[in-house]
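Excluded from the calculations below are hydrogen atoms, water molecules and symmetry mates; all remaining heavy atoms, backbone and side chain alike, are included. Just so you know, these numbers come straight off a predicted model, no measurement behind them.
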Amino acid sequence: LKDRKDLTNLKFITIDGATAKDFDDAIYVEQKPDGFHLWVAIADVSHYVKPGRPMDKDAYERGTSTYFPNFVVPMLPEALSNELCSLKPNVIRLSLVAEMKLNFAGELTHSEFYEDYIKSQARVIYGEAQEVVDGNCPEKLKHVQENILKAADLAKILLAKRTREGSLQLEIGETQVVLNDLGEPVDLIRAERVFAHRLIEELMLIANVAVAKYFKKCEIEAIYRIHEPPR
């Protein structure tokens, strides 16, 4: 924890799917008189995986975590991906934070980035987050209800801003494979997508934009991942 900022007083939460085990991002949002204050924390894998060491070389060979219908082959050992580098609730975890201030038009007015440590206050599932947004907060999430509602308010503003600026809203359905107890596929269903999915997407997008702007300002060489224009 040496030389890291202590953010354990902030009510960070993770929002993921029901079967997720590696919680790599957490959010916390406050509303101020002049806009929103957003923190996006990303698990600090680089603290544990050093360049050129065996774990780094093995991860380089794998290239990515591979997701199957009922299990994951992680890029990193599960002791890291599902434990030390997973932002689980009620335990201290190392992270890198993008701290941002935005006005009510969704425009970035300030951003800074630093190493810190957090203690997530809740592991929230998309469906539970949607219940909160819809006004039916489960009892177990009452202590983070305000955070989820403010995050939803900010996400709606960011989504509206992107739409005004010409962003395409492509709702492409995902297919989910249903397996029986033997691991055999027995059905294909359309995965349900709710606003809570977009909530997380919007906050991750703005964090990426903030980092990209910072890299450009500091003339840091980096790879920008973009999409080709649609046909």
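- Inspection of the His37 and Glu99 side chains reveals an N or O donor paired with an N or O acceptor under 3.5 Å.
- Counting heavy-atom neighbours within 6.0 Å of Glu192 CD, excluding the residue itself, gives a total of 12 or less.
- Screening residues 146-180 for ring-ring contact (aromatic ring centres under 6.0 Å, His included) gives no qualifying pairs among residues at least two apart or on separate chains.
- By the neighbour-count criterion of 12 heavy atoms within 6.0 Å, atom CG of Leu182 is densely surrounded, having more than that number from other residues, nucleotides or ligands.
- Taking the side chain as every heavy atom from C-beta outward, Arg162 and Leu205 approach each other to under 4.5 Å.
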Assess whether salt bridge (charged side-chain N to carboxylate O under 4.0 Å, His left out) is satisfied between Lys150 and Glu146, documenting all intermediate values. CA-CA 6 Å; Lys150 295 306 176 196; Glu146 189 72 9; 3.7 Å; yes
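- In terms of heavy atoms, Gly17 sits closest to Ile125 at C-CG2, 4.4 Å.
- Defined by atom type and a distance below 3.5 Å, a donor-acceptor pair is present between the side-chain atoms of Glu30 and Tyr28.
- Between Arg193 and Glu201 there is a salt bridge, since at least one side-chain N of the basic residue sits less than 4.0 Å from a carboxylate O of the acidic one.
- When side chains are defined from C-beta on, Val178 does not count as touching Leu188, because their heavy atoms never get closer than 4.5 Å.
- Ion pairing between Lys88 and Glu83 holds under the 4.0 Å rule for side-chain N and carboxylate O.
- Applying the salt bridge (charged side-chain N to carboxylate O under 4.0 Å, His left out) test to pairs two or more places apart or on separate chains, those with a residue in residues 44-53 are Arg4-Asp44.
- In this structure, Val91 and Lys119 have side chains that are not in contact, with every pair of non-hydrogen atoms separated by 4.5 Å or more.
- For Gln145 and His143, the side-chain atoms include no donor-acceptor pair closer than 3.5 Å.
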Please report the C-alpha distance between Glu128 and Lys140 in whole Å, then the side-chain angles of each, then the deciding distance to 0.1 Å, and finally whether the side-chain contact (heavy atoms from CB on, under 4.5 Å) criterion is met. CA-CA 10 Å; Glu128 294 173 337; Lys140 68 175 185 175; 2.7 Å; yes
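- Inter-residue side-chain proximity for Arg93 and Tyr117 is flagged as unmet; no heavy-atom pair is nearer than 4.5 Å.
- Closest approach of Phe104 to Pro33, counting heavy atoms only: CE1-O, 3.3 Å.
- Val186 and Ile189 fall within the same hydrophobic cluster, defined by Ile, Leu, Val, Met, Phe, Trp and Tyr side-chain heavy atoms under 4.5 Å apart, directly or through other members.
- Ring to ring, Phe215 and Tyr224 are not that close: their centroids are 6.0 angstrom or more apart.
- By the 6.0 Å and 45° rule, Lys5 stacks over the aromatic ring of Tyr114.
- Every residue two or more places apart in sequence or in another chain was checked for a salt bridge (Lys or Arg N to Asp or Glu O under 4.0 Å) with Lys216, and none qualifies.
- Cluster annotation: Val40 is connected to Leu102 through the hydrophobic network of ILVMFWY side chains, with a link wherever side-chain heavy atoms come within less than 4.5 Å.
- The shortest heavy-atom contact between Val133 and Ala152 is CG2-CB, 3.9 Å.
- Across all non-hydrogen atoms, the minimal contact from Tyr126 to Ile15 is CD2-CG2, 3.6 Å.
- By the 4.5 Å heavy-atom criterion applied to side chains, Ile27 and Leu199 are counted as neighbours.
- In terms of modelled atom types and a separation under 3.5 Å, the side chain of Ser81 and the main chain of Asp22 share no donor-acceptor contact.
- Heavy-atom neighbours of Tyr214 OH from other residues, nucleotides or ligands within 6.0 Å: at or below the threshold of 12.
- Taken to the nearest 0.5 Å, the CD atom of Glu78 stands 13.0 Å off from the CG atom of Leu84.
- A distance of 6.0 Å separates OG1 of Thr109 from CG of Asn103, quoted to the nearest 0.5 Å.
- Annotation: side chain of Ile92 is not in contact with side chain of Ile118 (no heavy-atom distance under 4.5 Å).
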Would you sort out whether Asp116 and Ser95 count as a side chain to side chain donor-acceptor pair (under 3.5 Å), showing the intermediate values? CA-CA 6 Å; Asp116 70 298; Ser95 71; 2.8 Å; yes
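- Scanning all heavy atoms of the two residues, the minimum distance from Ala98 to Ala207 falls at CB-CB, 4.5 Å.
- Contact check on Lys161 versus Glu165 returns a salt bridge, with a Lys/Arg side-chain nitrogen under 4.0 Å from an Asp/Glu carboxylate oxygen.
- When all heavy atoms are compared, the tightest approach of Pro74 to Arg62 is O-NH1, 3.3 Å.
- Between the side chains of Lys11 and Gln121, no donor N or O sits under 3.5 Å from an acceptor N or O.
- Criterion: ILVMFWY side-chain heavy atoms under 4.5 Å apart, direct or through other members. Under it, Val211 and Leu38 are not part of a common hydrophobic cluster.
- At a threshold of 4.5 Å between non-hydrogen side-chain atoms, the residues Val132 and Leu141 count as touching.
- Contact annotation: the side chain of Leu76 approaches that of Val49 to within less than 4.5 Å [non-hydrogen atoms, C-beta and beyond].
- For Lys142, the NZ atom counts as densely surrounded, since its 6.0 Å shell holds more than 12 non-hydrogen atoms of other residues, nucleotides or ligands.
- By the criterion of side-chain heavy atoms lying less than 4.5 angstrom apart, applied directly or through intervening Ile, Leu, Val, Met, Phe, Trp or Tyr residues, Val45 is not grouped with Leu87; the two fall into different hydrophobic clusters.
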Residues Leu203, Leu154; criterion side-chain contact (heavy atoms from CB on, under 4.5 Å); working and verdict: CA-CA 8 Å; Leu203 301 192; Leu154 175 56; 3.9 Å; yes
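- For Lys156 and Phe195, the positive end sits near the middle of the six-membered ring, less than 6.0 Å away and at most 45° from its axis.
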